[in-house]
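Everything quoted here is computed from the prediction, not taken from an experiment.
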There are 2 protein chains.
Amino acid sequence: MGNSTWPDVTKLLYNMQQSLKTIFPNFSNELIATIEENGSLQDFKAGTILMRTGQYIKNTVLIIKGKIKIYREGEDGGEFLMYYLQPGQACAISMICTAKSEKSQIMAKVVEDVTVMMIPLQLMDKWMMEHRSWYEFVIETYRSRFEEVLEVVDNIAFRSMDERLEFYLKRHSDACGCSEVNLSHQEIATELNTSREVVSRLLKKMEQRGLVKLNRNQIELLK
Amino acid sequence: MGNSTWPDVTKLLYNMQQSLKTIFPNFSNELIATIEENGSLQDFKAGTILMRTGQYIKNTVLIIKGKIKIYREGEDGGEFLMYYLQPGQACAISMICTAKSEKSQIMAKVVEDVTVMMIPLQLMDKWMMEHRSWYEFVIETYRSRFEEVLEVVDNIAFRSMDERLEFYLKRHSDACGCSEVNLSHQEIATELNTSREVVSRLLKKMEQRGLVKLNRNQIELLK
DNA sequence: AACCTACAGTAACATTTATCACAGAAGATT
DNA sequence: AATCTTCTGTGATAAATGTTACTGTAGGTT
């Protein structure tokens, strides 16, 4: 990242604080400075598994840039998509498990190159008492992730596969901010825990209804 | 509840503190005294709906005695069972929503006469900073309820109805501490979001496999 | 061009779950 | 006892989903 003369480093640091403030607008300035000081910034390429089921968790993960998908793994190797994590969010599981250094119940995969801030577990807990804005962020993270999982329960408990597929596509396009889903039918099937043929059939029906246009490795959402 | 001469009231108070200490062994003595002072003890009969979907939440609920079932409601009126709350536990949703005074995402029904301690929302938040043992209890509540919901996702995402039914019966008998399930097939079907006929058929198969004995309004678990 | 591989489409069939229809059994009520 | 209601069992059928097998096509590789 460029040369390392003092002015540049200072500038980078300044920019970092500015960007943290932008991504986490509710964090106090002291908290941001503390995060700067104690957290470690790391990059991961798309495809990286950030956390595996059964692994012990040593850090709380704040998303600065990029996207992560959170999966629940089945015994047979299924990878059921639960939700996305985006900049400004944090992994609730990593917070919850961190507090007791428990095993992860989920799998986290990078789907768009990410920059994350890793916070060591002792600090995560310590800051709860010291920084009101951290406390509120953690509680809000619990709340919103819990709600998201409840929505997942809704989908699989009350809805049929065609509705779940529509929801899946909509959420994908919301997450990437575009109307093209660049995934193969097989990938979608895996994340919905169904088979490729079922996804192909349902997509074809959606195309006939005028909801999508199907291309190779791409689904365009029309409505 | 008996007469109201001073000695009796003192004794009751003493007993209450003792029993709180037994049910919530990790609470500090100061915390228990604070709860005594600020919380309000209430009884509800089996069948009472303690909390409805969409309702605003004004209290955090600690279970002292009895049992509560937590449901996710479908748009069509389905009542999908998520988990049980038992003495020593608290409603995670009431904590999470309380913090922001949000709407409830779930429905809570008393299934065995309960005594609960209602904690006003401002205190729930305030105590987080003042009582370490309260803080730890709240975090542990989030963690264990989150895990429980993840297990629900597992069940509906990866398992078929016969496995889910077995799981349902096992959990029921764990909760009531006996091997008889005193529910009609219709009630079970509703909580699994399936139909009565399916439950009847699957139970019959389980009986043929020697897993249960079927009586009217009762299922005995044999293994 | 010839070949290879991953992806997509689809028919046929199996399995699971849902729905409809009806009958009988257990309890409750009169 | 006669009646009524609720619960349970079960066959027939429908609908949704899963599986197998095969085909074609797009794009990359040789």
Side-chain angles (χ1 to χ4, degrees), chain A residues 47 74-81 153-169 172 180-222, chain B residues 47 74-81 153-169 172 180-222:
Chain A
E75 288 156 10
D76 54 342
E79 295 185 358
F80 187 83
L81 175 63
V153 170
D154 265 19
N155 276 312
I156 41 184
F158 296 119
R159 306 201 190 291
S160 52
M161 197 54 84
D162 54 351
E163 291 174 290
R164 288 172 52 197
L165 178 58
E166 283 189 43
F167 181 83
Y168 176 93
L169 295 174
H172 182 101
E180 287 89 37
V181 177
N182 295 302
L183 295 171
S184 72
H185 298 184
Q186 181 59 67
E187 291 175 287
I188 296 171
T190 303
E191 302 198 334
L192 287 169
N193 197 47
T194 180
S195 68
R196 199 259 318 159
E197 292 86 336
V198 171
V199 171
S200 289
R201 262 198 294 258
L202 294 176
L203 281 173
K204 211 67 200 170
K205 278 187 200 163
M206 285 179 71
E207 190 174 43
Q208 284 156 11
R209 285 198 290 148
L211 297 176
V212 295
K213 182 166 180 316
L214 300 179
N215 307 308
R216 188 187 173 84
N217 272 319
Q218 189 191 66
I219 300 158
E220 285 175 56
L221 303 188
L222 301 178
Chain B
E75 288 156 10
D76 53 342
E79 296 184 357
F80 186 82
L81 174 63
V153 170
D154 265 20
N155 277 314
I156 43 184
F158 297 119
R159 306 202 191 290
S160 52
M161 197 53 83
D162 54 351
E163 292 175 289
R164 288 172 52 198
L165 177 59
E166 285 190 40
F167 181 84
Y168 176 94
L169 295 174
H172 182 102
E180 286 90 39
V181 178
N182 295 303
L183 296 171
S184 72
H185 297 182
Q186 183 59 66
E187 291 175 288
I188 297 172
T190 303
E191 302 199 334
L192 287 169
N193 196 47
T194 180
S195 69
R196 200 264 313 161
E197 293 89 330
V198 171
V199 171
S200 289
R201 266 196 282 264
L202 293 176
L203 281 173
K204 211 66 200 168
K205 279 186 200 166
M206 285 179 68
E207 189 174 45
Q208 283 156 10
R209 286 198 289 148
L211 297 176
V212 295
K213 183 168 180 312
L214 302 178
N215 307 306
R216 189 187 171 86
N217 274 318
Q218 188 190 66
I219 300 158
E220 285 175 54
L221 304 189
L222 302 179

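Per the geometry, CG belonging to A:L165 stands 11 Å off P belonging to D:dT17, to the nearest Å. In this structure, the CD atom of A:E220 is 14 Å from the P atom of C:dA8, given to the nearest Å. Rounded to whole angstrom, the span from the CD atom of B:Q218 across to the P atom of C:dA26 amounts to 15 Å. Between the CD atom of A:Q186 and the C1' atom of C:dG9 there is a distance of 14 Å, given to the nearest Å. Between the CD atom of B:E197 and the P atom of C:dA23 there is a distance of 16 Å, rounded to whole Å. Here C:dT16 presents its P atom at 15 Å from CZ of B:R164, a figure rounded to the nearest Å. Rounded to whole angstrom, the span from the NZ atom of B:K204 across to the P atom of D:dT8 amounts to 11 Å. One interatomic measurement links the two molecules: CG of B:L203 to P of D:dG9, which rounds to 8 Å at whole-angstrom precision.
Contact annotation for B:N217: backbone-only contact, meaning every heavy-atom pair under 4.0 Å involves sugar-phosphate atoms and none involves a base. Within the 4.0 angstrom heavy-atom criterion, only backbone atoms of the sugar-phosphate kind lie near A:S184; the bases stay farther away.
A residue-by-residue look at B:N215 and A:V198 shows that B:N215 has its nearest nucleotide of DNA chain D further toward the 5' end. Nearest-nucleotide positions on DNA chain D for A:R216 and A:M161 put A:M161 closer to the 5' end.
When the side-chain nitrogen and oxygen atoms of B:S200 are compared with OP1 and OP2 of D:dT10, none of them lie within a distance under 4.0 Å. Contact between the side-chain N/O atoms of B:H185 and the OP1/OP2 oxygens of D:dG9 is found at a separation under 4.0 Å.
Checking side-chain atoms of B:E166 against main-chain N and O of B:E163 turns up no donor-acceptor pair under 3.5 Å.
Taking OH of B:Y168 as the reference point, atom CG of B:L183 lies at 5.0 Å (rounded to 0.5 Å). Residue B:Q208 holds its CD atom at 7.5 Å from NZ of B:K204, rounded to the nearest 0.5 Å. Expressed to the nearest 0.5 Å, how far CG of B:N193 lies from CD of B:E79 amounts to 10.5 Å.
Donor-acceptor pairing under 3.5 Å, judged by distance alone, is absent between the side chain of A:R196 and the base of D:dG18.
Checked for salt-bridge contact, B:E191 and B:R164 miss the test: no charged N lies under 4.0 Å from a carboxylate O.
Side-chain atoms of B:S195 lie closest to C:dT19 of the nucleotides D:dT10, D:dA21, C:dT19. Comparing D:dA26, D:dG9, C:dT10 by their nearest atom to the side chain of B:L214 picks out D:dG9. Closest approach to the B:R201 side chain among D:dT10, D:dT17, C:dT10 is made by D:dT10 (side chain taken as heavy atoms from C-beta onward).
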